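Here the structure comes first, spelled out in structure tokens, and everything after it is commentary.
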Amino acid sequence: MKYLSFIISLILITNSCSESKPVDYGEILLNDLIIPWEIEIGPDEELWFTHQFRKLSKLNLTNQKVTSIEIIDTIIPSPNKNYSFGMTFHPDFKNTPWVYLSFLYQKENDPTTGLLSVKIYEYDAKKNTVTYKKTILKDVGQIGNWNAGGRIKTSKNYLFVNASNETVLHVPFKDSNLSGSILRYDLDGSIPQDNPIANSPKYTSGHRNPQGLVVLSDTEIYTSEHGPSTDDEFNKIESGKNYGWPMVHGYCDTERETAYCDTLKSTFPIKSWTPTIAVSSLDFYKGNNEDFKNTFWVTTLKEGDLRMLRIKDNKLIEEKIFLNEKYGRLRDLTIDKEGNIYISTANNVPSENQGYPKPNKDESIQYDVIVKFTPDMIDITM
């Protein structure tokens with residue numbers, strides 16, 4: 001009887017352990033990367049990504065093969081002073097195989113200043129090359145600042161560009177200055193006739209450092225952007241509006257800000273985070289998981305987490321946090337049509353010129369990776 005009780009207890013323990021599933025923190029698709037800054041599911045259903053020091057690659061999600069894509073462009077600074085940033089595709093890629101790329105590069109004779117450019121390239125699938133066609137934007141930035149925005153996306157008819165202005169007061173409010181703006185171009189790089197300012201790509205102003213961008217249609221655009229020590233923002237972008245920076249941070253809720261709000265007619269964010277979490281990317285869920293339909297997702301650098309945002313009537317009604325500090329600093333995400341979420345990290349330091357201290361190697365953090373999460377993994381990573 002004594003032995004029977006022992007066997008029954010052992011069976012119960014074994015069954016209990018088999019029913020308790022280990023926490024799955026995603027599938028690492030690639031590692032040993034240097035800051036994959038932009039990741040996006042391409043028109044060919046492969047995972048395209050830019051990484052630092054002017055590199056472009058794509059990953060076949062079926063056979064896991066990585067293909068390097070040569071950037072053919074003679075009008076560039078030294079690769080060690082020229083970093084790959086944003087990437088997007090022409091909406092009719094089959095007939096117009098254009099890839100849009102943004103770059104951050106060092107101002108000549110000034111290692112403290114980064115400038116932003118955006119260019120059009122033509123993709124050759126047989127040669128695995130993108131060849132320079134046209135420069136859309138050049139030399140946008142400000143003294144002593146390497147955070148130039150740089151996220152780019154297309155709609156059916158337009159290209160949108162995030163251009164930041166982190167430090168210079170009053171500059172975003174000058175129509176002639178493109179820093180601190182969301183810019184809108186025709187797909188060929190020309191300026192749309194119905195832009196708010198004639199002969200200017202400036203679509204909105206008053207932005208600090210917008211690094212997330214979602215374009216759901218020609219007119220439905222959202223951004224996430226870094227605040228200083230307060231007021232990271234999640235914004236709905238509307239033509240011609242001013243979003244307040246540098247005089248208004250987030251909502252109009254301080255005595256100093258109220259003096260400017262009416263004069264500037266500042267537009268306030270859907271959500272503001274204080275203290276800041278360093279929101280680094282933004283995407284919209286298009287998958288089949290009913291719990292996540294019509295939600296926005298952001299990654300953060302300071303908190304190292306993934307967040308789901310649900311809005312209604314231009315107001316945030318739900319925020320959920322996943323993956324808290326599991327992979328360190330999270331740089332970008334993209335979501336495929338099946339609802340799989342892909343995330344890239346930013347734990348390496350791209351340049352000593354940018355003033356970041358070299359991080360101590362933390363063996364619990366992957367340096368640097370792209371991770372895949374299937375929809376059923378998300379709930380158990382909270």
Side-chain angles (χ1 to χ4, degrees), residues 35 37-38 85-86 142 145-151 153 160-169 172 179-182 204-215 221-238 241-254 256-257 260-261 264 266-284 295-311 314-325 327-333 343-347 354 356:
I35 305 185
W37 202 89
E38 179 86 49
F85 258 36
Q142 56 277 325
N145 178 12
W146 273 84
N147 292 324
R151 201 73 70 183
K153 299 293 178 185
F160 293 87
V161 178
N162 287 353
S164 81
N165 178 44
E166 185 172 328
T167 55
V168 180
L169 299 182
S179 296
S181 305
I182 308 301
T204 60
S205 59
H207 300 278
R208 183 179 182 269
N209 187 8
Q211 291 199 2
L213 179 61
V214 161
V215 177
I221 303 104
Y222 298 84
T223 63
S224 61
E225 64 182 270
H226 290 280
S229 58
T230 66
D231 295 295
D232 282 349
E233 296 182 4
F234 170 41
N235 285 305
K236 184 175 183 180
I237 299 303
E238 298 179 66
K241 295 291 183 69
N242 187 305
Y243 288 77
W245 176 263
M247 310 315 297
V248 180
H249 302 181
Y251 309 114
C252 190
D253 53 8
T254 70
R256 182 188 65 84
E257 290 172 331
Y260 296 96
C261 293
L264 296 175
S266 181
T267 300
F268 305 130
I270 297 171
K271 168 67 178 177
S272 174
W273 290 273
T274 299
T276 56
I277 57 176
V279 281
S280 53
S281 66
L282 179 68
D283 207 349
F284 185 76
T295 56
F296 292 87
W297 295 72
V298 299
T299 55
T300 73
L301 296 168
K302 284 176 66 175
E303 297 299 312
D305 58 34
L306 170 69
R307 301 190 180 208
M308 183 197 79
L309 310 175
R310 191 185 304 277
I311 65 173
N314 212 32
K315 294 181 180 179
L316 183 72
I317 60 172
E318 183 182 15
E319 178 177 8
K320 284 188 175 181
I321 299 175
F322 307 90
L323 292 181
N324 197 17
E325 297 183 342
Y327 285 100
R329 292 157 49 90
L330 306 184
R331 167 55 66 188
D332 193 23
L333 84 155
I343 294 174
S344 67
T345 65
N347 295 310
Q354 296 192 29
Y356 296 118

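Hydrogens, waters and symmetry mates are skipped; everything else that's a heavy atom, side chains included, is used. Please read all numbers here as calculations on a predicted model, not as lab measurements.
Side chain of Ser280 to main chain of Arg331: a donor-acceptor pair is present (N/O by atom type, distance under 3.5 Å, no hydrogens or angles). Formation of a donor-acceptor pair under 3.5 Å by the Glu319 side chain with backbone atoms of Leu309 is not found in this model.
The side-chain contact (heavy atoms from CB on, under 4.5 Å) test with Pro269 singles out one residue from Tyr243, Tyr251, Phe234, and that residue is Tyr251.
Heavy-atom minimum distance, Leu301 versus His226: CD1-CE1, 4.0 Å. Here the closest heavy-atom approach between residue Arg310 and residue Leu316 is recorded as O-CD1, 3.5 Å. Heavy atoms only, all atoms of each residue included: Asn347 and Arg329 are closest at OD1-N, 2.9 Å. Summarising the geometry of Asn314 relative to Ile270, their closest heavy-atom pair is OD1-CD1, 3.4 Å, with the distance given to 0.1 Å. Among all heavy-atom pairs drawn from Arg151 and Ser281, the shortest one is NH2-CB, 3.9 Å. For Thr223 against Leu213, the heavy-atom pair with the smallest separation is CG2-CD1, 3.8 Å.
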Can you list the steps and then say if Val298 with Lys271 is a side chain to side chain contact (heavy atoms under 4.5 Å, CB included)?
-> CA-CA 12 Å; Val298 299; Lys271 168 67 178 177; over 6 Å; no
Apply the test side chain to side chain contact (heavy atoms under 4.5 Å, CB included) to residues Thr204 and Thr267: give CA-CA distance (whole Å), side-chain angles for both, the deciding distance (0.1 Å), then the verdict.
-> CA-CA 10 Å; Thr204 60; Thr267 300; over 6 Å; no
Kindly indicate, with the supporting measurements, whether the criterion side-chain hydrogen bond (donor to acceptor under 3.5 Å, both in side chains) is fulfilled by Asp232 and Thr276.
-> CA-CA 5 Å; Asp232 282 349; Thr276 56; 4.6 Å; no
Under the side chain to side chain contact (heavy atoms under 4.5 Å, CB included) criterion, do Ile311 and Tyr222 qualify, and how do the steps go?
-> CA-CA 12 Å; Ile311 65 173; Tyr222 298 84; 4.0 Å; yes
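Side-chain contact of Thr300 with Asp305: a donor-acceptor pair under 3.5 Å is present, judged by distance alone.
Under the 4.5 Å side-chain criterion, counting only non-hydrogen atoms from C-beta, Asn162 is not in contact with Glu225. Between Lys241 and Asn235 the shortest side-chain heavy-atom distance does not fall below 4.5 Å. The closest side-chain heavy-atom distance from Trp245 to Pro210 is not below 4.5 Å. Considering only heavy atoms from C-beta on, Val279 comes within 4.5 Å of Trp273 through its side chain. Two residues are said to be in side-chain contact when any heavy atoms from C-beta on lie closer than 4.5 Å; Thr295 and Lys320 fail this criterion.
Note that CG of Asp253 is 8.5 Å distant from OG1 of Thr230, once rounded to the nearest 0.5 Å. The distance from atom CG of Asp283 to atom OG1 of Thr299, rounded to the nearest 0.5 Å, is 10.0 Å. Arg256 CZ to Met247 CE: the interatomic distance, rounded to the nearest 0.5 Å, is 5.5 Å. Of the inter-residue distances, the one linking Ile343 atom CD1 with Leu333 atom CG reads 6.0 Å to the nearest 0.5 angstrom. Once rounded to the nearest 0.5 Å, the distance linking CG of Asp231 with CZ of Phe268 reads 11.0 Å. The CZ atom of Arg307 lies 13.5 Å from the CD atom of Glu318; values are rounded to the nearest 0.5 Å.
Taking the six-membered ring where the residue is Trp, Phe322 and Trp297 present parallel rings, their angle staying beneath 30° rather than reaching 60°.
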